[in-house]
Amino acid sequence: MDKWNLGRRKGGDTVSGRLYVVPTPIGNLKDITLRALEVLENVDLVAAEDTRQSLKLLNHFNIKKPLVSYHKFNENEKSENIIEILKEGKNVALVSDAGTPGISDPGSVIVKKCIEEGIEFDVLTGATAVTTALVYSGLDTTKFLFRGFLPRENKDRKSIIEDLKDREETLIFYEAPHRLIKTLEFLYENLGDRQIAICRELTKIHEEIIRRNLSEAIEYYRNKEPRGEYVLVVQGKSREEKRKEEEEVWRKLTIEEHIKKYMNEGISKKDAIKKVAKDRNIAKSEVYKYSLKL
């Protein structure tokens, strides 16, 4: 069946329409895909995070479609309305101001409801600041963890960073200009002086990539007012850093205490002896003597 005929009446039966999750350019309008334009030209309705912003996009490509607002403050209510529209057999495109809906933007609620209702939906590929910034960073791209915007409340930020500080993955955050310096200081205080790539206004005229250590980045922005939208790409914790931290801990312990430490972590006495010998670069037989009293 032609995808664009979904939802049209055939033999008296109405087939549900289809939802299209459509990424839009994060800056440069030339980054929109041909498929995204095709979808926007053929759907019955466009649900937009900011109808004024999306109207500019549609007008640029000479696309005339009715718009309805769909943002984080009305997402639950509007999702119910859109589900009813889809059940009427109409096709709907969901767009955010920039990038892919559902990634730090409204979208996940309507997707979940479509799954619950058995309504088909397509997620189009397209622009996203996360992967663009990651590649720009020059940091490890084989594994990364995207966390979006950190909470404003310090206790909530602290809870999140405690979970992240020992992760080896490259860490990615979004940040607004007025909070940038405070967030950089927070990251420095909790992660140490790690490498960071600060990606500003990606794909736009004033695009800028700053690669520094966190301490250097803080100093840079104390002398230059932050402007635009930022993606922060932070080096994960290196295995060497982890090894040094572990070494600092066991160097304060006696050999007996070192063995006990591993045993308290659920490691067998035999394996604990092996690990202690490896840590301290001494013979297992030497460690074994200290284990006899345990």
Side-chain angles (χ1 to χ4, degrees), residues 102-104 108 112 130-131 133-135 137-175 179 182-199 211-218 231-294:
I103 306 297
S104 283
S108 59
K112 185 177 179 182
V130 178
T131 51
L134 177 62
V135 176
S137 74
L139 297 173
D140 183 12
T141 61
T142 60
K143 53 187 185 296
F144 63 93
L145 197 157
F146 171 61
R147 197 55 186 80
F149 288 92
L150 285 169
R152 298 193 179 196
E153 294 296 325
N154 198 53
K155 63 177 182 178
D156 297 328
R157 290 156 69 96
K158 193 73 175 175
S159 173
I160 289 171
I161 211 68
E162 281 296 313
D163 290 337
L164 298 178
K165 68 180 184 180
D166 292 325
R167 301 294 292 260
E168 293 182 12
E169 296 95 334
T170 300
L171 306 175
I172 306 175
F173 307 95
Y174 286 162
E175 196 48 277
R179 293 173 54 190
K182 186 175 286 188
T183 295
L184 291 175
E185 291 173 340
F186 174 79
L187 294 173
Y188 176 69
E189 290 165 5
N190 290 275
L191 300 179
D193 203 12
R194 296 190 189 179
Q195 292 181 25
I196 183 171
I198 302 174
C199 305
R211 301 178 186 88
R212 302 278 196 281
N213 287 342
L214 274 164
S215 60
E216 296 168 337
I218 292 167
V231 184
L232 312 179
V233 187
V234 185
Q235 181 184 31
K237 191 168 204 174
S238 68
R239 292 184 181 180
E240 179 63 18
E241 188 181 357
K242 281 188 174 182
R243 188 192 65 76
K244 286 181 178 179
E245 286 184 0
E246 290 169 358
E247 187 173 317
E248 285 179 13
V249 171
W250 65 251
R251 281 195 181 280
K252 299 173 185 176
L253 306 175
T254 66
I255 293 179
E256 281 185 17
E257 290 170 338
H258 198 171
I259 298 168
K260 281 182 182 178
K261 174 182 177 298
Y262 282 129
M263 290 176 66
N264 289 337
E265 292 173 3
I267 296 172
S268 69
K269 186 175 178 181
K270 181 180 177 181
D271 288 337
I273 292 168
K274 288 180 183 178
K275 288 178 74 68
V276 171
K278 183 178 180 181
D279 287 346
R280 294 175 178 262
N281 195 27
I282 59 178
K284 284 189 288 184
S285 57
E286 182 68 19
V287 179
Y288 177 74
K289 295 176 187 177
Y290 290 90
S291 72
L292 295 173
K293 299 177 185 178
L294 301 179

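Note that the structure is predicted; figures quoted are calculated from it, not measured.
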Problem - Criterion side-chain contact (heavy atoms from CB on, under 4.5 Å) on Leu187 and Leu171, from CA distance to verdict - result: CA-CA 11 Å; Leu187 294 173; Leu171 306 175; over 6 Å; no
Handout entry: Carboxylate-amine/guanidinium contact Glu153 Lys155, below 4.0 Å
Key = no
Completion exercise
Taking every heavy atom of Phe186 against every heavy atom of Asn190, the minimum-distance pair comes out as O-ND2, 2.8 Å
Practice task
Count the heavy atoms of every other residue, nucleotide or ligand shown that sit under 6.0 Å from CZ of Arg147, and state whether that count exceeds 12.
Solution key: no
Practice task
Sort out for me which residue in Leu214, Val234, Leu232, Val233 forms a side chain to side chain contact (heavy atoms under 4.5 Å, CB included) with Ile198.
Solution key: Leu232
Problem - Among Lys269, Lys274, Lys275, the one residue meeting side chain to side chain contact (heavy atoms under 4.5 Å, CB included) with Tyr262 - result: Lys275
Problem - Residue pair Thr142 / Asp140, side-chain donor-acceptor N/O under 3.5 Å - result: yes
Problem - Heavy-atom pair of closest approach, residues Lys182 and Arg157 - result: O-NH2, 3.9 Å
Exercise for the section: List the steps and the verdict of side-chain contact (heavy atoms from CB on, under 4.5 Å) for Thr170 and Thr141. Expected result: CA-CA 7 Å; Thr170 300; Thr141 61; over 6 Å; no
Problem - Flag if over 12 foreign heavy atoms under 6.0 Å of CD, Glu162 - result: yes
Handout entry: Minimal non-hydrogen separation, Arg194 against Lys237, with atom names
Key = NH1-N, 3.4 Å
Problem - Charged N-O contact under 4.0 Å between Lys260 and Glu256 - result: no
Exercise for the section: Measure the spacing between CG of Leu150 and CD of Glu175 and express it to the nearest 0.5 Å. Expected result: 7.0 Å
Exercise for the section: For the residue pair Arg211 and Gln195, establish whether any side-chain heavy-atom pair is separated by less than 4.5 Å. Expected result: no
Exercise for the section: Identify the two heavy atoms, one from Ser104 and one from Gly148, that lie closest to each other, and give their separation to 0.1 Å. Expected result: OG-CA, 3.6 Å
Handout entry: Contact check, side chains of Ile218 and Tyr188, non-hydrogen atoms, under 4.5 Å
Key = yes
Practice task
Would you name the heavy atoms of Ala272 and Met263 that are closest together and state the gap between them?
Solution key: CB-CG, 3.9 Å
Problem - Side chain Asp193, main chain Asn213, donor-acceptor under 3.5 Å - result: no
Completion exercise
Shortest non-hydrogen pair, Pro151 vs Arg179, comes out as O-NH2, 3.5 Å
